[in-house]
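The figures that follow rest on heavy atoms only: side chains count, while hydrogens, waters and symmetry mates do not. Along the sequence shown, residues are numbered consecutively beginning with 1. Counting convention: from 1, in listed order, for ligands and their atoms alike.
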Amino acid sequence: MVSRVIPVDPFDLVIFGGTGDLARRKILPGLFRRFCSGQMPDGAQIIGAARSDMDDAGFRAMVGEAIREFGGGRHCEDGTLDAFLEHIGYVTVDARGDGGWHDLKARLRDDKVRAFYFSVGPGLFGDLAERLRGFGLADDESRVVVEKPFGKDLATAKALNATLAQHFDETQIYRIDHYLGKETVQNLMAVRFGNVLFEPLWNAQYVDHIQITVAETVDVGGRGGYYDKSGAMRDMVQNHLMQLLCLIAMEPPARFEPDAVRDEKLKVIRALDPVDYHHIARGQYDADEHQPGYREHVGDPRSKTESFVALKCHISNWRWAGTPFYLRTGKKLRARTSEIAVVFKDAPHSIFGADAGHHRNVLAIRLQPNEGMTLDVTIKEPGPGGMRLVDVPLDMSFAEALGPEVEEVPDAYERLIMDVIRGNQTLFMRGDEVEAAWAWTDPIIEGWQKRGEVPKPYDAGSSGPEDALMLMHRDGRKWREIKA
Ligand code: NAD
């Protein structure tokens with residue numbers, strides 16, 4: 001397979017928070033890889049802007065170090081890093097002060113695409129937006145990129161949207177959910193809407209249920225303070241899992257265009273029924289003799305925040321009435337894996353009799369690791385002695401199917417930043433989508449708080465608390481195994 005790289009237009013990209021963790025780990029190495037691939041034009045300028053007192057040379061040294069630590073591309077040749085660093089500059093600005101803004105403005109060019117990446121805490125979004133307009137750095141063509149978390153509930157998300165809307169039109173705002181930038185997530189749409197095979201069966205008549213799993217092996221690490229105020233529901237379900245749910249459940253948009261896709265996603269969220277609290281399992285990883293548990297990690301022996309959540313939900317529309325969707329995500333689980341499994345119903349009648357047993361097709365889409373797809377198909381077990389059936393997977397790893405070039409497929413951040421420069425909002429969340437997602441998750445979280453609910457402990461390295469298994473078991477179903 002030959003990878004086709006179409007260069008983007010020349011641009012000025014200002015990264016507020018350019019010295020921070022996200023910029024060093026993801027944004028800058030991602031930009032470097034796009035540079036290596038030849039996608040970045042000569043007229044590209046990337047300016048770090050943060051509070052630290054630093055000059056261009058100091059920032060370039062920091063960026064070089066970050067790229068060496070967090071990865072360049074396989075095809076980056078020697079000397080490419082120096083060439084990339086020539087595109088980098090730095091201006092000291094305080095989002096809450098007035099110093100530095102004129103200097104920053106003087107660096108920007110009038111005839112280039114202009115984008116501002118807010119890689120800072122959401123508390124600074126308003127200050128940045130106001131100063132960008134006030135000092136005349138941003139106009140009606142400029143783009144702003146904002147990071148998660150986008151609020152911590154409906155009220156705060158609305159306030160953030162309102163703040164941004166005072167200064168920018170919705171068409172200028174790019175809310176990042178990096179899951180949407182993953183290759184396989186976009187493949188969900190290609191698989192559904194690029195093939196005739198699946199779509200006729202993609203409904204409650206043929207689909208028994210759908211499972212969405214995002215399992216991590218890591219603990220809360222250094223993010224304990226932040227995480228304990230958030231929890232798995234806010235940190236993962238409200239954004240990443242709901243985005244996956246939308247893509248798997250939405251109606252075919254008429255075109256692969258930003259608002260056509262986002263309108264359909266929004267309809268899914270709005271069709272979600274409220275979740276019965278009996279259909280939710282919450283957990284917290286426990287300590288064992290080798291390692292501390294969640295509560296030790298966050299430094300609060302009485303923390304009621306969940307590091308695991310599993311739930312069953314229903315989408316009340318013609319396509320999905322009667323087909324449950326099971327979502328689960330958690331930390332410190334058995335394996336790091338993200339997967340969507342569409343479990344089809346049994347054949348309506350078995351011509352092979354009771355001995356053949358129950359069989360069903362399962363389409364599993366693996367987001368990580370080893371991106372790919374498996375379709376379980378029922379065939380005859382080889383050998384004499386009657387018609388015994390067995391399910392075998394048609395297993396496709398994208399890396400194997402597409403060849404070595406696939407390793408150079410851009411990671412989520414690379415792709416999304418290039419989409420910002422191209423002005424394509426399809427893979428970014430619209431304000432009303434984010435608000436609708438909070439409107440659905442808020443009552444769940446408020447219910448836990450009202451009832452003073454304490455998450456159930458689960459063993460590190462397990463597949464979550466017993467309650468999560470029971471959630472499926474009660475319905476006569478079973479989670480797919482969490483395996484790498
Ligand atoms: P960080 O604390 O490492 O960096 C913050 C950056 O903001 C620094 O460059 C700092 O100089 C700058 N800054 C702080 N106050 C400022 C001010 N008043 N004026 C100008 N600059 C100021 O944070 P981070 O981990 O890089 O996260 C940045 C944003 O991205 C946050 O909203 C975070 O929630 C989000 N995010 C981070 C990650 C991650 O992996 N780090 C993942 C997803 C989302």
Note the single closest protein heavy atom to atom 26 (O) of ligand 1, along with its residue, its atom name and the distance in Å. L22 N, 2.8 Å
Below 4.0 angstrom, N of the basic side chain to O of the carboxylate: do R480 and E339 qualify? yes
Quick one: does R24 get a heavy atom under 4.0 Å from ligand 1? no
Heavy-atom contacts with G121 under 4.0 Å: which atoms of ligand 1 show up? List them by number with element. 32 (O)
Would you tell me which option among I176, I27, D94, D21 has the nearest heavy-atom contact to atom 18 (N) of ligand 1? D94
Do me a favour and list the nearest non-hydrogen protein atom to atom 6 (C) of ligand 1 with residue, atom name and distance? G17 CA, 3.5 Å
Give the C-alpha distance, both sets of side-chain angles, the deciding distance and a yes or no for ring pair (Phe, Tyr, Trp, His ring centres under 6.0 Å) between H297 and Y285. CA-CA 10 Å; H297 276 141; Y285 60 85; 5.7 Å; yes
Say whether K148, considering both its backbone and side-chain N or O atoms, lies within less than 3.5 Å of an N or O atom on ligand 1. yes
Do the side chains of R143 and D169 get close enough for a salt bridge, i.e. N-O under 4.0 angstrom? no
Whether D235 and R223 form a salt bridge (side-chain N of Lys/Arg under 4.0 Å from carboxylate O of Asp/Glu) is what I want to check. yes
Heteroatom proximity flag, T19 to ligand 1, N/O under 3.5 Å: yes
Name the closest protein heavy atom to atom 19 (N) of ligand 1, giving the residue it belongs to and the distance to 0.1 Å. A95 N, 2.8 Å
Heavy-atom proximity to atom 22 (C) of ligand 1, picking from R51, R223, R131, points to R51
Show the atoms of ligand 1 that are less than 4.0 angstrom away from any heavy atom in L124. 15 (N), 16 (C), 17 (C), 18 (N)
Could you tell me whether R366 and E371 have a side-chain N and a carboxylate O separated by less than 4.0 Å? no
For atom 43 (C) of ligand 1, the protein heavy atom that lies nearest, with its residue and separation: E147 OE1, 3.7 Å
To check your reading of the model: name the closest protein heavy atom to atom 31 (C) of ligand 1, its residue, and the distance in Å. V120 O, 3.5 Å
Whether Q425 side chain and T171 backbone form a donor-acceptor pair below 3.5 Å: yes
Exam field: side chain T217 to backbone R336, donor-acceptor pair closer than 3.5 Å: no
Ligand-residue contact atoms, ligand 1 with P149, heavy atoms, under 4.0 Å: 34 (O)
Of all protein heavy atoms, the one nearest atom 40 (O) of ligand 1 is R25 NH2, 2.4 Å
Is it the case that K182 places NZ or CZ above or below the six-membered ring of Y179, under 6.0 angstrom from the centre and within 45 degrees of the axis? yes
Under 4.0 Å from a heavy atom of P122: give me the atoms of ligand 1 that qualify, with their elements. 32 (O)
Would the distance check show the side chain of R192 and the main-chain N or O of L247 forming a donor-acceptor pair, the cut-off being under 3.5 Å? yes
Please report whether ligand 1 has a polar contact with G20, defined as an N or O pair separated by less than 3.5 Å (distance criterion only). yes
Could you say whether the N/O atoms of R96 and ligand 1 ever approach to under 3.5 Å? no
Geometric cation-pi criterion, R133 with F168: 6.0 Å, 45°: yes
Strictly inside 4.0 angstrom of atom 2 (O) of ligand 1, do you find any protein heavy atom? no
When you measure from atom 28 (C) of ligand 1 to every protein heavy atom, which one gives the shortest distance, and what is it? S119 O, 3.2 Å
Mind checking whether M242 and L272 have side chains closer than 4.5 Å, heavy atoms only? yes
Residue, atom and distance of the protein heavy atom nearest atom 20 (C) of ligand 1 read V93 O, 3.4 Å
Is it true that Y413 and H178 have ring centroids separated by less than 6.0 Å? yes
